[in-house]
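Every value quoted in this text rests on a predicted model; they were computed, and no experiment measured them. Chain letters run A, B, ... following the sequence lines, proteins first, then strands; residues in each count from 1.
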Protein chains: 4
Amino acid sequence: MRTESSPRGRKRSSFIEQARRAQIIEAATETVAEVGYSRASLAEIAQRAGISKSVISYHFEGKDELLEQVAARLFEETWAYMEPRVYGETSAGAQIREWVRSQLSFFSSHRVSFLAMVEIVTHYQPKEGSSPFAQAIEEEAAELARILRKGQQDGEFRDFDPRAVAVIIGQAVEGALGQWIADDTIDLDTHALALVDFIDHAIRSERG
Amino acid sequence: MRTESSPRGRKRSSFIEQARRAQIIEAATETVAEVGYSRASLAEIAQRAGISKSVISYHFEGKDELLEQVAARLFEETWAYMEPRVYGETSAGAQIREWVRSQLSFFSSHRVSFLAMVEIVTHYQPKEGSSPFAQAIEEEAAELARILRKGQQDGEFRDFDPRAVAVIIGQAVEGALGQWIADDTIDLDTHALALVDFIDHAIRSERG
Amino acid sequence: MRTESSPRGRKRSSFIEQARRAQIIEAATETVAEVGYSRASLAEIAQRAGISKSVISYHFEGKDELLEQVAARLFEETWAYMEPRVYGETSAGAQIREWVRSQLSFFSSHRVSFLAMVEIVTHYQPKEGSSPFAQAIEEEAAELARILRKGQQDGEFRDFDPRAVAVIIGQAVEGALGQWIADDTIDLDTHALALVDFIDHAIRSERG
Amino acid sequence: MRTESSPRGRKRSSFIEQARRAQIIEAATETVAEVGYSRASLAEIAQRAGISKSVISYHFEGKDELLEQVAARLFEETWAYMEPRVYGETSAGAQIREWVRSQLSFFSSHRVSFLAMVEIVTHYQPKEGSSPFAQAIEEEAAELARILRKGQQDGEFRDFDPRAVAVIIGQAVEGALGQWIADDTIDLDTHALALVDFIDHAIRSERG
DNA sequence: TATGAATGAGGCTTCATTCAT
DNA sequence: CATGAATGAAGCCTCATTCAT
């Protein structure tokens with residue numbers, strides 16, 4: 001879809017170019033997390049990055065591309081943290097527990113990332129076409145569903161619609177984080193335990 | 001801050017004033033649901049209401065107040081539908097099931113309301129202070145938690161943090177609706193069953 | 001193609017609306033004539049009109065619509081002046097002479113209109129689709145060609161391609177005006193005579 | 001105003017300097033012809049030349065100078081083609097005919113040059129002062145007028161204002177080319193004949 | 001010589017809000 | 001009560017130009 005990256009017309013990017021892009025993405029992440037999507041103007045972002053507004057236009061096709069990059073980086077980072085932990089486990093039950101635990105754990109130490117991610121996923125609206133995050137989110141749900149299905153085949157989990165439950169779990173985790181964001185007094189570790197426990201009971205085979 | 005002239009600030013509002021406000025709120029709801037929060041300008045809303053933009057400013061303090069009213073009405077309507085159904089049940093278990101069922105049921109026949117509610121709750125950002133919806137959502141969660149607690153006392157539910165589970169349930173319902181919105185082929189009734197079942201397993205006392 | 005005029009959403013326009021549009025069109029005409037198309041920004045136009053930039057946006061869909069209106073008005077005015085004079089004549093020869101004479105005469109007393117017209121016809125480039133002036137110009141040329149053809153049928157004019165000659169005549173008139181614009185010392189009346197004479201000799205039947 | 005550093009201002013320019021300038025001028029010509037004046041940004045031109053934007057700034061004072069050079073080269077090339085052909089003829093009548101014919105012929109096989117020339121002559125607007133093409137165009141007209149005058153003295157042409165007719169002829173040729181550009185189906189050779197014929201009749205002495 | 005990078009001016013639009021009628 | 005009209009702030013983007021390397 002995208003025909004040219006920035007600086008327009010070049011394919012390769014120098015080291016300094018990469019650094020600037022990273023810096024701007026970082027600034028954008030913080031800005032979105034702090035003032036919210038709608039107030040995260042290029043002016044704001046530029047100011048926080050200590051650069052001029054047009055530098056952003058120079059390194060990115062436009063605001064849309066910048067925000068997509070921000071989100072993409074957040075997805076990557078999150079998954080890079082979760083994947084080894086989840087697949088370090090062997091049983092489906094342990095994988096699900098680790099999924100929830102690691103996601104909560106990651107975001108609990110990356111508050112800004114979480115806020116930015118939620119804001120962007122929720123608000124981003126490209127000029128044409130549909131949100132590019134739908135796919136990422138869809139893939140994540142599919143991955144989760146796959147684990148659930150395996151657990152059912154192994155007799156670990158009872159019978160339910162894996163797809164529906166995957167969505168429920170995803171939402172529950174996001175909800176827990178949302179609560180924690182809204183209320184600092186919440187102990188996320190306790191919450192995590194409760195959530196893991198809740199899910200465990202909900203999906204585990206009766207015999208288990 | 002609030003000017004004491006004009007409708008807001010008055011104690012008594014004429015019938016026509018009430019009617020206009022209702023009409024505008026209705027139009028705003030539809031607009032937000034249809035074109036999304038960010039594209040729901042006063043101009044758009046006014047056009048759909050068949051009135052002039054300034055009428056809105058006349059009847060509402062500003063866009064912020066209007067959207068707050070929209071959300072407030074949606075909360076009220078939803079709760080007005082759910083309350084008798086939930087409390088028509090006696091056991092905590094049945095109440096929870098009815099809570100989930102009735103919420104899904106209400107929104108499934110009020111698609112516009114659901115869309116508008118999500119958009120507003122998600123995007124609304126007052127110029128000063130924090131979101132006024134936090135309270136409403138908080139109250140709803142508290143209500144749900146109360147039922148859960150009762151179920152625990154009655155021995156219906158096992159031991160868990162009622163507050164945390166209340167949030168999880170709320171999120172799960174919203175998630176299910178979101179899925180249904182995104183994918184028309186989903187059968188919401190089936191989904192409702194799965195969700196109720198999921199929650200049932202998660203919270204019901206082992207002995208149950 | 002255009003779905004709504006300004007103020008957006010209304011069909012009828014009040015008197016004051018009409019007046020403002022006329023005022024803005026007038027200011028735009030002058031601005032384009034004076035500083036040239038490329039420097040005729042909305043800011044410039046607004047300043048000359050003594051109004052705020054956004055007033056233009058309020059009354060017109062955008063810069064494109066404004067300039068189209070400017071051009072449309074110029075075409076209309078020009079033709080309103082020429083038509084009765086041209087068709088006040090009966091013979092094709094006289095009609096052609098009057099065509100040239102009246103066009104020169106009109107623009108010689110509407111310097112600004114001429115400049116604006118040339119600038120817009122030359123520079124205007126709509127965001128999508130092709131120039132809407134092509135048609136107007138085409139029609140004018142066709143009209144001229146029709147007269148030429150009639151003259152040939154009546155034996156007044158010799159044999160030539162009417163379409164090609166129509167273009168030549170049109171260009172010649174524009175060229176003459178361009179000269180006059182560039183050099184104030186030129187006497188346009190003399191020039192007009194020369195031009196009429198030139199064309200006369202070029203097209204008149206040998207026997208004539 | 002002009003800074004004395006760097007290439008411009010130097011008396012001697014290296015071979016590589018000359019080559020670069022030529023390359024840039026060529027790219028600019030093509031760009032202007034293809035995408036039109038207003039979209040012919042330095043970025044576009046640089047991209048087509050396969051060089052970086054700043055190279056242009058290095059070799060030319062600015063965009064203005066570049067475009068002036070482009071136009072100057074086009075004028076030169078055109079005249080280099082026309083001159084021997086026109087003055088290969090002896091009689092004024094033949095010279096005029098050859099003038100028209102060779103100009104049409106040159107541009108018909110240099111479509112890009114014609115497009116670029118028209119775009120630049122039409123759109124170019126220096127930051128200060130007036131268009132530098134006025135002079136070139138003026139000289140061409142003067143040259144043409146000189147031939148016309150000679151034709152009158154020789155009794156070949158009838159009495160008319162040579163200056164005015166020179167302009168008319170120039171415009172007519174440009175108009176014919178414009179038509180041809182706009183409509184590919186036009187046979188330029190036929191058109192050329194019609195034009196030559198038209199002019200012939202217009203200026204030739206009655207006795208001729 | 002060449003260039004990647006950065007800049008700031010300026011352009012068009014959208015929008016909530018205000019005000020006189 | 002209602003509204004047409006006007007406004008100014010703010011947003012994003014494009015572009016010629018400059019500068020250090």
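Taking atom OH of residue A:Y37 and atom P of nucleotide F:dG11, one finds them 14 Å apart after rounding to whole Å. Atom CD1 in D:I45 sits roughly 12 Å away from atom C1' in F:dC15 (whole-Å rounding). The separation between D:F60 atom CZ and F:dT18 atom C1' is 18 Å, rounded to whole Å. If you measure from atom CD of B:Q125 to atom C1' of E:dA16, you get 16 Å, rounded to the nearest angstrom. Whole-Å rounding puts the D:K53 NZ to E:dG4 C1' distance at 10 Å. Rounded to whole Å, atom C1' of E:dC12 lies 6 Å from atom CG of C:L42. Spacing between atom CD of C:Q18 and atom C1' of F:dA5 amounts to 15 Å, rounded to whole angstrom units. If you take CG of D:L66 and C1' of F:dC15, they are 15 Å apart, rounded to a whole angstrom.
Base pairing of F:dA20 is made with E:dT3, judged by Watson-Crick or G-U wobble geometry with both donor-acceptor distances under 3.5 Å. When both distances must be under 3.5 Å, the Watson-Crick or G-U wobble mate of E:dC15 is F:dG8.
Two residues, A:I16 and B:D64, neighbour DNA chain E, and the one matched to the more 5' nucleotide by heavy-atom proximity is A:I16. Along DNA chain F, the nucleotide nearest A:S38 and the nucleotide nearest D:K63 are compared for position; the residue whose nucleotide lies closer to the 5' end is A:S38. Residue D:I51 is the one, among D:I51 and C:A43, whose nearest nucleotide of DNA chain E lies closer to the 5' end (criterion: closest heavy atom). When each of C:V55 and A:A40 is assigned the nucleotide of DNA chain F with its nearest heavy atom, C:V55 is the one assigned upstream, toward the 5' end.
For the OP1/OP2 pair of E:dG11 and a distance below 4.0 Å, the side-chain nitrogens and oxygens of C:S41 include at least one atom meeting the criterion. Between C:R39 and E:dG10 there is no side-chain N or O to OP1 or OP2 distance below 4.0 Å. Of the side-chain N and O atoms in B:S54, none sit less than 4.0 angstrom from OP1 or OP2 of E:dT18. A sub-4.0 Å separation between OP1 or OP2 of F:dG4 and a side-chain N or O of C:H59 is absent. The phosphate of F:dA5 (OP1 or OP2) has a side-chain N or O of C:Y58 nearer than 4.0 angstrom.
Side chain to side chain, A:R20 and A:Q23 meet the donor-acceptor criterion of an N or O pair below 3.5 Å. A donor-acceptor pair shorter than 3.5 Å can be found between the side chains of A:E68 and A:Y124.
One finds a salt bridge joining A:E65 and A:R21 here, because a Lys/Arg side-chain nitrogen approaches an Asp/Glu carboxylate oxygen to under 4.0 Å.
You'll find that the side chain of C:R20 is closest to F:dA6, out of F:dA5, E:dA6, F:dA6. Of all nucleotides listed (F:dT3, E:dT7, F:dC13), F:dT3 comes nearest to the side chain of B:S52.
C:Y37 and C:H123 have parallel rings, their planes meeting at less than 30° on a 0 to 90° scale where 60° marks the start of perpendicular.
Residues D:T29 and D:I120 fail the side-chain proximity criterion, which asks for heavy atoms closer than 4.5 Å.
For A:R39, the CZ atom sits in a packed shell: over 12 heavy atoms of surrounding residues, nucleotides or ligands are nearer than 6.0 Å.
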